[in-house]
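A note on names: the letters A, B, ... follow the listed sequences, proteins ahead of strands, and every chain is numbered from 1. Just so you know, these numbers use all the heavy atoms, side chains as well, and skip hydrogens, waters and symmetry mates.
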2 protein chains.
Amino acid sequence: MLPHSLMSKNCNIPSIKTSCSSCSLRELCLPVGLTAQEVGTLDHLVNQRHKIRRGEHLHRAGLDFHSLHVVRTGFFKTYVLQEDGREQVTGFHMPGEVLGLDAISADTHTCNAVALEDSEVCELPFAKLEGIGRTIPSLMHHFHKIMSREIVRERGMLLLGGMKAGERLVAFLLNLSHRFARRGYSPLDFNLRMTREEIGSYLGLKLETISRAFSRLQEDGLINVNNKRIRLNDIDHLRRQYGSSSCE
Amino acid sequence: MLPHSLMSKNCNIPSIKTSCSSCSLRELCLPVGLTAQEVGTLDHLVNQRHKIRRGEHLHRAGLDFHSLHVVRTGFFKTYVLQEDGREQVTGFHMPGEVLGLDAISADTHTCNAVALEDSEVCELPFAKLEGIGRTIPSLMHHFHKIMSREIVRERGMLLLGGMKAGERLVAFLLNLSHRFARRGYSPLDFNLRMTREEIGSYLGLKLETISRAFSRLQEDGLINVNNKRIRLNDIDHLRRQYGSSSCE
DNA sequence: GCTCTAGTTTGATTTAAATCAAAACAAGAT
DNA sequence: ATCTTGTTTTGATTTAAATCAAACTAGAGC
């Protein structure tokens, strides 16, 4: 199974029945029109998986730093350490999503990735991807789309600048919901893997503010909060009231 | 046939002496070891320039929507229009920088780009770039680096989340300064092309807050402000006090 | 069961930025 | 020059979020 993210939008393969909803490279590539042989080349690339235990860092796992990593199972957060020691969370990543797109331009510092639960990733040496992409233009094109989408995703964070705390949190929840749905998980009832503090860091708010925003949304009946378990009671209302979240 | 020498990260081409500091595709490619013929192929691509007058939009200029555009002269801002009609500024772009990396994943909405002064861009049809990249791997790799750097740039905006108004403004000024320097303009004394409101939108602040932050920095002797003209008096102090800005 | 720790919730207070408002300023057009 | 119009500055006030602080969970390990 492979990165959903490596899939073009219309090859959404609605019915992936594997326990975890990430799709295989094979599934990824067939719709693009690859030959069986070509697909074979790719399969061999991604067949071995690396286990990363909860709390472990990705780049400490002995993997090549200049590789992309596709999350197969589990959940990651990425962050940068600032000069003053504070940790700025830059993203959360679920199965099917790609880590390491920022490391290609090696001259700039990159994020650290840490597993928020026991996870598995597969490694995609970047040089190899470029090589294969040369012989399979559609795959290369697809990869460009993934990178572009990452740019759009990051850009979406700018929209938070104009929002109040509650709106930011809703945008965050809607975004998670959307991504869970895309991967085949329940979009209305899910477990947060990260702490209030990590959410706050990501959204530019303090943990107490996150907590209060959760409570407020529950008072209003829009969501149910039980520690890390979240249920969205009225997603339409959430969407209407707080604008469409940036979709991944 | 082709020298496979990967473009080293120091492809920074320190000495670009053309009047405007944008680097031509030729200058961009020669250090990679392209043959004259290959460079010729590229040159023909970018030789015609499109003029965009102050206030005009890029995509309204009759250019192909699925092209990248390289700013040759002038200055652009990009923004997205939100449902409620508010305009969120997503970036500012000076000569040598690439517009349209977000449009590759066409399924997601993209930014609008508008010229903040009379400008020129050259067009780079994306399909063509992919085609050429297939025969010139080092060029493709370089393009990947550019995309990756854009991701890092956008990510840098997340760091603003933890900053106060004054710090955000300094980070912004240092970032501009760094980019001006890179393009051969004066890094300590420059004209802002955008309004206080546009800066505010970009940084997640109101225009009055931007104005006050400018005044404060001037009181402290760190900068001189005269309407749109800015002089950085003590860039080291700025850097120390406010942390290193995200470098492009 | 208990203890210990990390995480969460809630309250009281302070502070930074938004908001409301008005004046000063600059650039163009006439 | 004057009259626009749009931008910037500064002030007074309000408000949202940060901060400080304490109580309350939930889990992990014993």
Side-chain angles (χ1 to χ4, degrees), chain A residues 53-55 75 77 84 86-89 92 114 116-118 160-173 191-220 223-231 241-242, chain B residues 53-55 75 77 84 86-89 92 114 116-118 160-173 191-220 223-231 241-242:
Chain A
R53 265 195 294 273
R54 182 169 193 271
F75 205 86
K77 81 166 173 187
D84 57 9
R86 291 190 308 105
E87 156 182 323
Q88 168 69 53
V89 174
F92 301 104
V114 60
L116 295 184
E117 58 183 73
D118 291 355
L160 295 179
M163 297 184 190
K164 297 193 186 307
E167 296 170 324
R168 293 188 197 203
L169 183 57
V170 170
F172 175 69
L173 292 175
N191 263 312
L192 298 175
R193 271 77 166 191
M194 70 296 285
T195 68
R196 305 286 191 261
E197 188 169 19
E198 288 164 333
I199 299 174
S201 173
Y202 185 57
L203 299 179
L205 299 167
K206 292 297 169 191
L207 69 102
E208 296 96 327
T209 306
I210 298 295
S211 179
R212 279 184 242 271
F214 269 129
S215 301
R216 185 73 213 287
L217 288 169
Q218 182 163 237
E219 276 174 38
D220 297 349
I223 69 174
N224 268 43
V225 189
N226 191 307
N227 202 10
K228 289 218 162 27
R229 177 136 223 105
I230 305 290
R231 177 197 304 261
Q241 184 149 355
Y242 295 92
Chain B
R53 264 194 295 274
R54 182 169 193 270
F75 206 86
K77 80 167 174 188
D84 56 10
R86 290 190 309 106
E87 156 183 321
Q88 169 70 52
V89 174
F92 301 103
V114 60
L116 295 184
E117 59 182 74
D118 291 354
L160 295 179
M163 297 184 189
K164 297 194 187 306
E167 296 170 325
R168 293 189 197 202
L169 184 57
V170 170
F172 175 69
L173 292 175
N191 264 312
L192 297 176
R193 272 76 166 189
M194 70 296 283
T195 68
R196 303 287 190 261
E197 187 168 21
E198 289 164 333
I199 298 174
S201 172
Y202 185 56
L203 298 179
L205 299 167
K206 293 296 170 188
L207 69 104
E208 296 96 328
T209 305
I210 299 295
S211 180
R212 279 184 240 272
F214 269 128
S215 301
R216 188 73 214 286
L217 288 169
Q218 183 162 237
E219 276 173 38
D220 296 350
I223 69 174
N224 268 44
V225 189
N226 190 307
N227 202 8
K228 288 217 162 31
R229 178 136 221 105
I230 305 290
R231 177 198 305 261
Q241 184 150 353
Y242 296 93

Engineer: What is the separation between atom CG on L207(B) and atom P on dA21(C), rounded to the nearest whole Å?
Structural biologist: 15 Å

Engineer: For D118(A) and R53(A), indicate whether the former's side chain and the latter's backbone hold a donor-acceptor pair under 3.5 Å.
Structural biologist: no

Engineer: Taking CZ from R229(B) and C1' from dT8(D), how many angstroms apart are they, rounded to a whole number?
Structural biologist: 18 Å

Engineer: Report, one pair per line, the protein and nucleotides 25-30 of chain C atoms (nitrogen or oxygen only) whose separation is under 3.5 Å.
Structural biologist:
none

Engineer: Can you list, by residue number, the residues of residues 194-206 of chain B that have a non-hydrogen atom closer than 4.0 angstrom to DNA chain D?
Structural biologist: T195(B), R196(B)

Engineer: Looking at every heavy atom in both Q88(B) and S201(B), which two are closest together, and how far apart are they?
Structural biologist: NE2-O, 2.8 Å

Engineer: Could you tell me the separation between the CG atom of N191(A) and the C1' atom of dT8(C), rounded to a whole number of Å?
Structural biologist: 15 Å

Engineer: Quick one: do L169(B) and I199(B) satisfy side chain to side chain contact (heavy atoms under 4.5 Å, CB included)? Show the steps, please.
Structural biologist: CA-CA 8 Å; L169(B) 184 57; I199(B) 298 174; 4.2 Å; yes

Engineer: Passes side chain to side chain contact (heavy atoms under 4.5 Å, CB included), I210(B) versus L203(B)? Steps please.
Structural biologist: CA-CA 9 Å; I210(B) 299 295; L203(B) 298 179; 4.2 Å; yes

Engineer: Under a 4.5 Å cut-off applied to non-hydrogen side-chain atoms, are L205(A) and R168(A) in contact?
Structural biologist: yes

Engineer: Between the two end axes of the helix from dG1(C)-dC30(D) to dT30(C)-dA1(D), each built from 5 base pairs, what angle do you get to the nearest 10°?
Structural biologist: 40°

Engineer: For Q218(A) and V225(A), indicate whether the former's side chain and the latter's backbone hold a donor-acceptor pair under 3.5 Å.
Structural biologist: yes

Engineer: From CG of L169(A) over to P of dA16(D), roughly how many Å is that when rounded to an integer?
Structural biologist: 17 Å

Engineer: Rounded to whole Å, please give me the gap between CG in L192(A) and P in dA26(D).
Structural biologist: 16 Å

Engineer: Tell me the salt bridge (charged side-chain N to carboxylate O under 4.0 Å, His left out) pairs involving residues 191-204 of chain A, sequence neighbours left out?
Structural biologist: K77(A)-E198(A), E117(A)-R193(A)

Engineer: Holding to side-chain hydrogen bond (donor to acceptor under 3.5 Å, both in side chains), I want the full list of residues that pass it with N191(B), two or more places apart in sequence or in another chain.
Structural biologist: R229(B)

Engineer: Check the distance between dT9(D)'s P and R216(B)'s CZ and give it to me in whole angstrom.
Structural biologist: 16 Å

Engineer: What residues in residues 208-215 of chain B put a non-hydrogen atom under 4.0 Å from any atom of DNA chain D?
Structural biologist: E208(B), S211(B), R212(B), S215(B)

Engineer: Could you state the atom-to-atom distance from CZ of R54(A) to P of dG27(D) in whole Å?
Structural biologist: 12 Å

Engineer: Flag the pair Y202(B) / L160(B) as yes when at least one side-chain heavy-atom distance between them is below 4.5 Å, and no otherwise.
Structural biologist: no

Engineer: Of all heavy-atom pairs between G166(A) and A213(A), which one has the smallest distance, and what is that distance?
Structural biologist: CA-CB, 4.4 Å

Engineer: Could you tell me whether the phosphate oxygens of dT15(C), OP1 or OP2, come under 4.0 Å of any side-chain nitrogen or oxygen in K164(B)?
Structural biologist: no

Engineer: What is the distance, to the nearest angstrom, from the CD1 atom on I230(B) to the C1' atom on dT8(D)?
Structural biologist: 12 Å

Engineer: Please name the pair of heavy atoms, one in F214(A) and one in L192(A), separated by the smallest distance, quoted to 0.1 Å.
Structural biologist: CZ-CD1, 3.8 Å

Engineer: From L207(B) CG over to R212(B) CZ, what is the distance, rounded to the nearest 0.5 angstrom?
Structural biologist: 9.5 Å

